[in-house]
Amino acid sequence: MHTDTADPRTTDASVAMDSLLHLETMMEQSGFEDGHRAGVLMGVEEGSDLGRRVATRTAVEVGYYLGVCRELLEVAAMDADVEEEGVVHSRAAKVLDNTVALIETFPKVNDTEQDIVPLLERIRGKFKLAIVLLKMPELKFIESSGANTSVQGRAGEGRDGVREDARQTTSAPPQQRRLSF
């Protein structure tokens with residue numbers, strides 16, 4: 001009869017190899033867990049940063065629409081005082097009023113339950129309609145990248161971006177008056 005006795009050197013080598021493989025698996029798992037934690041933390045930071053940038057850009061856009069609408073409505077009120085059909089006619093004034101009303105419903109706090117995209121699209125649409133009715137395409141909101149913007153503008157321009165030599169120094173009649181922002 002032949003008995004199978006394992007060589008102690010083979011058994012020790014086998015145990016050592018299993019131990020190394022187990023150690024490698026443990027290190028892989030530990031690395032994965034560390035990387036996952038770091039990735040989640042990084043994702044939260046990046047998501048928060050992106051959210052702030054998008055919120056700021058949206059607030060600037062909505063604020064622009066509100067400011068322009070209010071200014072044009074003020075011009076319409078001044079034109080109504082002199083009983084002339086001026087820069088802002090009645091249909092455009094109504095669209096501007098509706099735009100302001102929509103803007104006033106825009107949330108001022110972060111509400112995760114409210115979908116602001118459809119409301120923002122409606123505001124944009126109303127504002128576009130208003131500038132078409134007013135025949136003032138220069139009032140269109142132009143998003144800046146933020147990387148290269150300054151208050152001064154290009155050489156030869158004032159703070160409002162209008163060339164110094166293009167400014168009117170005389171008061172034009174209401175029908176020819178153009179607003180520059």
Side-chain angles (χ1 to χ4, degrees), residues 42-181:
M42 180 73 77
V44 167
E45 290 172 6
E46 287 179 6
S48 179
D49 183 49
L50 176 64
R52 271 192 225 94
R53 284 184 285 157
V54 169
T56 301
R57 190 171 38 234
T58 302
V60 167
E61 181 180 1
V62 171
Y64 173 80
Y65 296 147
L66 182 61
V68 170
C69 288
R70 285 185 176 163
E71 185 67 27
L72 290 171
L73 287 169
E74 189 175 308
V75 169
M78 288 188 313
D79 288 344
D81 289 343
V82 293
E83 298 179 11
E84 290 183 18
E85 186 68 24
V87 174
V88 182
H89 52 79
S90 61
R91 181 163 182 227
K94 185 175 180 180
V95 171
L96 290 168
D97 276 331
N98 290 340
T99 306
V100 169
L102 275 175
I103 291 170
E104 288 172 349
T105 65
F106 199 81
K108 291 164 186 60
V109 294
N110 188 14
D111 182 4
T112 57
E113 299 296 318
Q114 188 173 9
D115 187 11
I116 65 167
V117 174
L119 179 57
L120 184 57
E121 290 299 321
R122 287 181 58 207
I123 292 169
R124 286 175 178 152
K126 288 284 187 189
F127 187 78
K128 285 178 186 175
L129 176 61
I131 64 174
V132 166
L133 289 172
L134 294 168
K135 297 180 177 126
M136 294 180 160
E138 66 273 9
L139 294 180
K140 179 182 178 197
F141 178 74
I142 299 173
E143 184 177 335
S144 66
S145 66
N148 224 357
T149 59
S150 70
V151 176
Q152 292 294 331
R154 293 184 298 259
E157 292 182 353
R159 290 181 58 91
D160 57 0
V162 176
R163 292 196 57 85
E164 295 296 331
D165 59 341
R167 295 184 190 276
Q168 291 184 348
T169 56
T170 59
S171 177
Q175 295 84 358
Q176 298 173 357
R177 184 175 359 156
R178 288 296 222 191
L179 300 176
S180 66
F181 295 98

(request) Sorted by first residue and then second, give each salt bridge (Lys or Arg N to Asp or Glu O under 4.0 Å) pair with at least one member in residues 106-125; sequence neighbours left out. (result) Glu61-Arg124, Glu121-Arg124
(request) Among residues two or more places apart or on two chains, list those pairs meeting salt bridge (Lys or Arg N to Asp or Glu O under 4.0 Å) that have a residue in residues 90-106. (result) Arg70-Glu104
(request) Any chance you could measure Leu66, atom CG, to Leu96, atom CG, to the nearest 0.5 Å? (result) 11.0 Å
(request) Would you name the heavy atoms of Asn98 and Lys126 that are closest together and state the gap between them? (result) ND2-NZ, 4.3 Å
(request) Using a 4.5 Å cut-off on heavy atoms from C-beta on, say whether the side chain of Val68 contacts that of Phe127. (result) yes
(request) Let me know which of Leu139, Leu102, Ile123, Thr99 forms a side-chain contact (heavy atoms from CB on, under 4.5 Å) with Cys69. (result) Thr99
(message) Quick check: closest heavy atoms across Met136 and Leu72, and the distance to 0.1 Å?
(response) SD-CD2, 4.4 Å
(request) Please state whether the rings of Phe141 and Tyr64 are parallel, tilted or perpendicular, taking 30° and 60° as the class boundaries. (result) tilted
(message) Suppose we screen for side chain to side chain contact (heavy atoms under 4.5 Å, CB included). Which residues come up paired with Val109, at least two apart in sequence or across chains?
(response) none
(message) I'd like to know if the side chain of Thr56 pairs up with that of Arg52 as donor and acceptor (distance under 3.5 Å, no hydrogens or angles considered).
(response) no
(message) To the nearest 0.5 Å, what is the distance between CZ on Phe106 and OG1 on Thr58?
(response) 6.0 Å
(request) Indicate the atoms forming the closest heavy-atom contact of Ile116 with Pro107, along with that distance. (result) CG2-CG, 3.4 Å
